[in-house]
Amino acid sequence: MNKTASKSGFRPSGVILAVLLTIVFFIGKTGNVSAQDEGKKLFEKNCTVCHKLGGGKLVGPELLGVTERRDRAWLMKFIRNSDEMIKSGDPTAVKVFEENNKIPMLAFTQLSDAEISSIIDYIEKWEPEKEKVFAVDVTKKEGFAHTEVLRGERLFYGLIPFEQGGTTACASCHNTTASDTLNWNPSAKELALSFMNPDGMNIYKSMSEPTSDVMQKAHAEYKLTDQEVFYIAAYLSEYLHHGETPHKTFPVKLMLFIVFAVLMTLALVDLIFTKIIKFKVIHFVIILAGLAVHLNLAVVEAQSLSRTKDYAPDQPIKFSHKVHAGDNKTDCKYCHSIADYSKSAGIPSNNVCLNCHKVILSGRNSGKFEINKIHMAEKSGKPIEWIRIHNLPEHVFFSHAQHVNAGKIECETCHGAVAEMDIMKQENDLSMGWCINCHRDTKVDFKDNKYYSTYLKLHEELSSGKIDSVTVENIGGLDCMKCHY
Amino acid sequence: MISKKFGSITAVALGFLFAATSCDRTRNDKGYEYFPDMAHSLAYETYATNPAMADSHAMRLPAANTISREMIPYAYPNTPEGRLQAAAELVNPLEATPENIARGKEQFTIFCIGCHGELGNGEGYLFTSGRYPIKPASLISEKMLAMPDGDIFHVISAGYNTMGAHGHMIRPDDRWKIAMYVKNELQKNTVK
């Protein structure tokens, strides 16, 4: 027994020592710092949605100096359940309620007395952030020395370990080559862009205090020294100049083409000159199969010319339709609100995003990095340049109004299961054959939809039983000039 | 014997070919075009960039001191006073017909239900699922029961507190219809 224990390195005395050390370590850390930390955490989690500390009124009043204005016991009671206090007629509570547009503050009955007290402590002791002194030049954004860039690159790729721990290389989350799947973490390129932007991230600050829960979790074990961050900053600055390596896929089709071309050549050579294989059927089978493969490739490739089926480009913000339309159950038309009366379905303006994101500042998957882009665009007035995915040639007319409003076609009919797409892609090839097929098969709602009430002859035929349904084709959906004029 | 083997190999190869529908291009690649002579618009498309403009927007705002045709500027600001004034002055121009209320319900389901909930009690999915932290206002509270249609119209148009303005997303008629739906359906069917 003992032998196995010592073999696996499991020594009781070692464990006891480790436990003791941990306890000592924690005792050393608790006290003032951790109480203040807990208060800060609770404050950020529960209060910052409506209140600011030293930043003026948000939804609720400014909290700086609130501990001087109000008595501590009163604050405790108010935080616990303000509604009760107002109803019981506490004069100060009623006054506060009326001063703030009569918006009730949420009750925090789930917090213990100690927790509320730690929040109040945090508010009481809060001071505007002191300028942290860095060992390096934190304002430097360009003109790094070559050795600094190289050192940063090695740190970024994990070739040199960080001094204070952190095992995984930066590059394994912040991809340096374009990714073919959705990576919620900002790529190296985005980090670099944000770093170079004067209003963008302050890499020194965000490395020492992660901005969101997502980042907090991901960065928990990283405690980079100022010098290390400086090197990484140097690398990011350089990275923008040579840019992102494009993603490459294995050319399956090209390989097939070459393999069969070689096989066919060999078969031909053997058939005419070398004659190693005696059964000529084999040669013919190979050549026929090769021709079939080549023909198939040619047809498929030719058909996909000018059609961008499956096109799913990287957008300026990692906006996920799956999160918004799927998980959040937001109606398509909430954001694309002009789809039912306009040619274009409409790209939502910043205001539409901000209806929710004024309050929701941190995403479940991407933290604050992506949502912050909306706020930056709003501040700078520079529009977000979304990339258009569904393009029709100039000689085709298509109107969303006709299809969504008059035809009552569901969005998913043409755009596919958008509510399951993290990266929006073009589901259908938008070819003329695809349009025509749908116009041939789709039955028009002639009974209830008043839009079609002017088709008198068709209505007569329908009521006399001559025809049992009306397709888009019957009302001129296949006429050339309907779409081409 | 050999020919059978080769036959099966070709069958496998063909099967592989049809199975391998994956494209050689990455998702960021649009592929090739074949004589796109008439495919690209010479005129600037909606949302496209226009290099002739200083800000490169193809879509322009109306010239200063003008408004678009049929557009009625909304005069009431997003303040408690503006709300009171709008509620007192604005009168619903539409009649509460079943069609109008049905349309109101349709629009309510698109624009309001996420926060204010199916019953209008402020328990929308975004709040109950914990995705939106602030409790949305109940539309069937005592305070709202006492308010006229114009009040709801104003809050939709200009917003209130954390709720943003939805006037640019919903046309005026539809806003009135939503107000009617709230007044005539949600508030009347509330169990008290």
Side-chain angles (χ1 to χ4, degrees), chain A residues 49-50 59 101 103 106 178 180 246-249 251-254 256 260 277 279 281-282 285-286 289 292-293 296-297 302 304-308 310-314 327-331 333-334 337 341 343-344 347 349 351-352 354-356 358-360 383 385-386 388 393-395 423 425, chain B residues 2-3 6-7 10-11 13-14 16-18 20-36 38-43 45-49 55 57 80 109-111 113-115 125-126 129 131-135 137 143 159-166 168-171:
Chain A
V49 170
C50 301
V59 178
N101 303 330
I103 312 162
L106 290 182
D180 209 33
H247 176 81
K248 284 193 189 106
T249 47
V252 181
K253 289 186 172 177
L254 185 66
L256 264 180
F260 277 91
I277 301 170
F279 304 98
V281 187
I282 296 167
V285 167
I286 292 176
V293 168
N296 179 297
L297 282 175
S304 71
L305 280 177
S306 298
R307 295 176 192 168
T308 52
D310 294 328
Y311 178 47
D314 284 322
D327 303 351
N328 292 354
K329 301 184 185 171
T330 308
D331 198 287
K333 282 187 255 175
Y334 184 88
S337 59
Y341 60 103
K343 176 174 176 277
S344 160
I347 296 170
S349 63
N351 293 6
V352 179
L354 290 177
N355 276 345
C356 296
K358 196 158 53 178
V359 170
I360 299 162
E385 292 183 38
W386 299 98
R388 185 169 174 176
E394 163 72 348
H395 52 78
I423 310 174
K425 76 164 189 190
Chain B
I2 300 171
S3 83
F6 266 84
T10 33
L14 278 176
F16 176 63
L17 167 75
F18 292 112
T21 45
S22 70
C23 238
D24 279 3
R25 56 187 172 95
T26 61
R27 66 180 172 88
N28 272 303
D29 188 355
K30 284 175 116 173
Y32 298 96
E33 278 185 307
Y34 175 75
F35 286 108
M38 286 158 63
H40 299 291
S41 175
L42 288 178
E45 295 242 33
T46 334
Y47 299 113
T49 51
D55 57 7
H57 300 182
T109 320
I110 296 172
F111 292 102
I113 210 164
C115 292
Y125 177 73
L126 286 175
S129 63
R131 286 156 196 271
Y132 193 84
I134 302 174
K135 183 160 189 321
K143 176 188 157 201
Y160 197 69
N161 285 338
T162 46
M163 173 174 160
H166 285 62
H168 58 105
M169 296 153 75
I170 316 173
R171 280 155 289 172

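The chains referred to below are lettered A, B, ... by the order of the sequence lines, with proteins before strands, and numbering in each begins at 1. The model shown is predicted, which means the values in this text are computed figures rather than measured ones.
- Neither the backbone nor the side chain of B:P36 comes within contact range of chain A; no heavy atoms are under 4.5 Å apart.
- Heavy atoms of other residues, nucleotides or ligands lying less than 6.0 angstrom from OH of A:Y341 number more than 12.
- When heavy atoms are compared at a cutoff of 4.5 Å, A:K358 approaches chain B solely by way of its side chain, counted from C-beta outward.
- Heavy atoms closer than 4.5 Å to chain A are found in both the backbone and the side chain of B:I110.
- Residue B:Y32 touches chain A through both its backbone and its side chain, counting heavy-atom pairs closer than 4.5 Å.
- Nearest heavy atom pair, residue A:Y334 against residue A:N355, reads OH-ND2, 3.2 Å.
- The nearest pair of heavy atoms linking A:W386 to A:I347 is CD1-CG2, 3.5 Å.
- Annotation for A:E385: atom CD does not count as buried by contact number, only 12 or fewer foreign heavy atoms lying within 6.0 Å.
- Heavy-atom distances place both the backbone and the side chain of B:Y132 under 4.5 Å from chain A.
- Ranked by non-hydrogen atom pairs under 4.5 Å with chain A, the options B:I113, B:T162, B:T46 are led by B:T162.
- Interface remark: B:A165 contributes backbone atoms only to the contact with chain A (heavy atom separation under 4.5 Å).
- Proximity to chain B is limited to the side chain of A:I360, based on heavy atoms less than 4.5 angstrom apart.
- Salt-bridge formation is not detected for the pair B:R25/A:D310: no Lys NZ or Arg NE/NH1/NH2 atom is positioned less than 4.0 Å from an Asp or Glu carboxylate oxygen.
- With a threshold of 4.5 angstrom between heavy atoms, A:K343 approaches chain B through side-chain atoms but not through N, CA, C or O.
- Considering only heavy atoms from C-beta on, B:R27 comes within 4.5 Å of A:D314 through its side chain.
- The greatest number of non-hydrogen atom pairs below 4.5 Å with chain A, out of B:G31, B:A137, B:G114, B:P133, is found for B:P133.
- Proximity to chain A is limited to the backbone of B:D29, based on heavy atoms less than 4.5 angstrom apart.
- Comparing A:N351, A:T308, A:L354, A:T330 by how many heavy-atom pairs each has under 4.5 Å with chain B, the most go to A:T308.
- When heavy atoms are compared at a cutoff of 4.5 Å, B:M38 approaches chain A by way of both its backbone and its side chain.
- Nearest approach of B:L126 to B:C115, heavy atoms of both residues: CD1-SG, 4.2 Å.
- Nearest heavy atoms, B:M169 versus B:F111: O-CZ, 3.9 Å.
- The closest side-chain donor-acceptor pair between B:H40 and B:E33 falls under 3.5 angstrom.
- Rounding to the nearest 0.5 angstrom, the gap separating the SG atom in A:C356 from the CE atom in B:M163 is 11.0 Å.
- Within the 4.5 angstrom heavy-atom criterion, only backbone atoms of B:S129 (N, CA, C, O) approach chain A.
- The contact between B:Y160 and chain A is made entirely by side chain atoms (from C-beta outward), counting heavy-atom distances below 4.5 Å.
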